[in-house]
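Positions are given from 1 along the sequence.
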Amino acid sequence: SISVDGTAVTLKSCVKGAARRYKMQGLPAAEYPTIPNYGTDGQFRITGDAGILADGLNRSAYASSNDETRPHLNSVLIEELAGALSFVATDGHRLAISRAMADDSATPSAKLTQLIIPLRAAREILKLCQECAANKHADRVVTLQTDGPNVFLNVNGFTFSSKLVDGSFPSYHQIIPDKTTYSAKLDRRAMIESLKAISVSTGATGGVCLSFDANKVTIEATSVNGDG
C-alpha cells in the first residue's frame with residue numbers, strides 16, 4: 001500500500017510473510033514543471049499515416065551530427081508545402097534528404113513551413129511512428145504539430161512533446177546544384193555490397209574514390225597504412 005502525507009510517501013509491502021516499510025521524501029506537486037499544452041492554430045500541423053513520417057525520419061536522421069553543442073546540426077529539419085514533405089539532416093560533411101507526399105488525410109499549408117526537431121526527439125518520434133505503423137490493430141493516423149516553441153506528436157491517444165531547436169538550419173538548397181554535368185544510375189544492392197567490401201581499407205576517417213567509365217564504375221580506397 002502507498003500512503004501520502006504532505007510530501008512524505010510511505011510504501012508498505014509484505015513479501016513471503018516479511019513486512020517491509022519504506023518512507024521517502026517527495027516534492028510538492030506544484031513544483032513539477034508545467035506540461036506544455038497545444039492548440040489547433042499552430043504554424044505547423046500535419047495529420048497523416050505514421051509510415052510516411054517514420055520513413056522520412058529513418059531516411060534522414062542518420063546524417064545528423066551527434067555533437068549536442070551544435071543544436072542546428074544535432075537535429076532534423078521537416079519542411080511542408082502544399083502536402084509535400086521534406087526531411088533533411090546534415091552534420092556538415094554529409095547531407096540526407098527524404099521527400100514524400102502526405103496522404104489524403106493530411107492538412108497541407110499554402111506556404112512553406114519549417115520546424116527543426118532535436119535529434120533525440122526525432123529518434124523518439126521515429127520509434128513511436130514505427131511502432132504505430134507495425135501494429136496492425138492500431139490506428140495508423142498520427143498528428144505532428146507545433147505550438148509556440150514546442151512540437152507535439154499525437155499517436156493512439158499518446159502525446160509526446162519536445163522543445164524545438166531555436167536556430168537556423170543550414171541553407172541546404174545552395175548545396176545541391178540545379179544542374180549536373182554527369183549523372184549515373186547504379187544498382188542499389190550492388191553498390192551497397194561493393195562499399196561494404198571496400199570499407200575494410202577506408203579506416204575511420206578514410207574516403208572512397210569513384211571512377212566512371214562508359215558502362216563501369218570503379219571504387220577505390222586506400223587506408224593510412226597504404227592498404228587498398
Side-chain angles (χ1 to χ4, degrees), residues 33 36 42-46 48 50-81 84-100 102 112-133 142 144-153 155 159-178 180 186 188 191-192 194-210 219-224:
Q43 185 181 15
F44 185 101
R45 178 183 172 87
I46 286 180
I52 295 176
L53 191 58
D55 188 62
L57 289 172
N58 189 48
R59 290 172 177 266
S60 58
Y62 71 89
S64 298
S65 170
N66 291 317
D67 185 358
E68 296 186 356
T69 64
R70 307 173 73 189
H72 62 297
L73 298 180
N74 182 238
S75 60
V76 177
L77 170 71
I78 300 181
E79 295 182 324
E80 188 271 332
L81 175 63
L85 301 174
S86 296
F87 303 82
V88 190
T90 180
D91 61 1
H93 300 282
R94 58 184 179 177
L95 173 70
I97 304 175
S98 177
R99 293 189 172 94
L112 179 67
T113 54
Q114 298 179 320
L115 64 155
I116 308 175
I117 303 177
L119 181 57
R120 284 189 179 184
R123 286 172 173 167
E124 193 63 32
I125 292 174
L126 169 60
K127 179 183 176 181
L128 292 170
C129 288
Q130 286 177 331
E131 292 176 351
C132 177
V142 300
L144 185 71
Q145 66 185 86
T146 60
D147 194 330
N150 301 303
V151 61
F152 300 86
L153 175 75
V155 49
T159 300
F160 171 82
S161 68
S162 170
K163 287 278 190 182
L164 292 169
V165 174
D166 183 16
S168 299
F169 195 84
S171 182
Y172 72 93
H173 296 283
Q174 299 178 0
I175 301 175
I176 304 174
D178 295 329
T180 56
L186 305 173
R188 176 176 174 271
M191 186 67 175
I192 292 174
S194 298
L195 290 173
K196 285 182 178 179
I198 205 170
S199 63
V200 296
S201 298
T202 60
T205 59
V208 297
C209 176
L210 278 69
I219 306 175
E220 301 175 287
T222 303
S223 70
V224 293

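- Closest non-hydrogen pair, Val76 versus Ser64, comes out as CG2-OG, 3.7 Å.
- Between Ala89 and Ser60 the shortest heavy-atom distance is CB-O, 3.1 Å.
- Contact of the Phe152 side chain with the Ser162 side chain is not registered, since no non-hydrogen atoms from C-beta on lie closer than 4.5 Å.
- A distance of 7.5 Å separates CD1 in Ile46 from CD1 in Ile78, rounded to the nearest 0.5 Å.
- Taking every heavy atom of both residues into account, Ile219 and Ser194 meet most closely at CD1-CB, 3.8 Å.
- Of the candidates Leu53, Leu77, Ile97, Leu53 is the only one forming a side chain to side chain contact (heavy atoms under 4.5 Å, CB included) with Phe87.
- Within the structure, every pair that satisfies the side chain to side chain donor-acceptor pair (under 3.5 Å) test and touches residues 89-98, not counting sequence neighbours, is listed here: Asp91-Arg94.
- Once rounded to the nearest 0.5 Å, the distance linking CZ of Phe160 with CG of Leu144 reads 10.5 Å.
- In this structure the side chain of Ile116 never reaches within 4.5 angstrom of the side chain of Leu164, judged on heavy atoms.
- Going from atom OG1 of Thr113 over to atom CD of Glu80 covers 4.5 Å, rounded to the nearest 0.5 Å.
- Taking the side-chain hydrogen bond (donor to acceptor under 3.5 Å, both in side chains) definition, one finds that Tyr172 meets it with Glu79, sequence neighbours left out.
- Between Thr69 and Asp67, the side chains place a donor N or O and an acceptor N or O closer than 3.5 Å (distance only, hydrogens not considered).
- Scored by the side-chain hydrogen bond (donor to acceptor under 3.5 Å, both in side chains) test, Glu131 finds no partners at all (sequence neighbours excluded).
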Step by step, would you call Leu210 with Met191 a side chain to side chain contact (heavy atoms under 4.5 Å, CB included)? CA-CA 11 Å; Leu210 278 69; Met191 186 67 175; 3.5 Å; yes
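- When side chains are defined from C-beta on, Thr159 does not count as touching Leu153, because their heavy atoms never get closer than 4.5 Å.
- In this structure, Ile117 and Leu115 have side chains that are in contact, with non-hydrogen atoms separated by less than 4.5 Å.
- Atoms CG and CD, on Asp147 and Gln145 in that order, are 7.5 Å from each other to the nearest 0.5 Å.
- To the nearest 0.5 Å, atom CZ of residue Arg99 and atom OG of residue Ser86 are 4.5 Å apart.
- Residues Asn74 and Glu68 come closest through the heavy atom pair OD1-CG, 3.6 Å.
- Val142 is listed as a side-chain neighbour of Cys132, based on a closest heavy-atom distance under 4.5 Å.
- Inter-residue side-chain proximity for Pro149 and Asp166 is flagged as unmet; no heavy-atom pair is nearer than 4.5 Å.
- Contact of the Ser75 side chain with the Leu119 side chain is not registered, since no non-hydrogen atoms from C-beta on lie closer than 4.5 Å.
- If you take CD on Gln130 and CG on Asn58, they are separated by 5.5 Å, rounding to the nearest 0.5 Å.
- Phe169 places none of its side-chain heavy atoms less than 4.5 Å from the side chain of Gln114.
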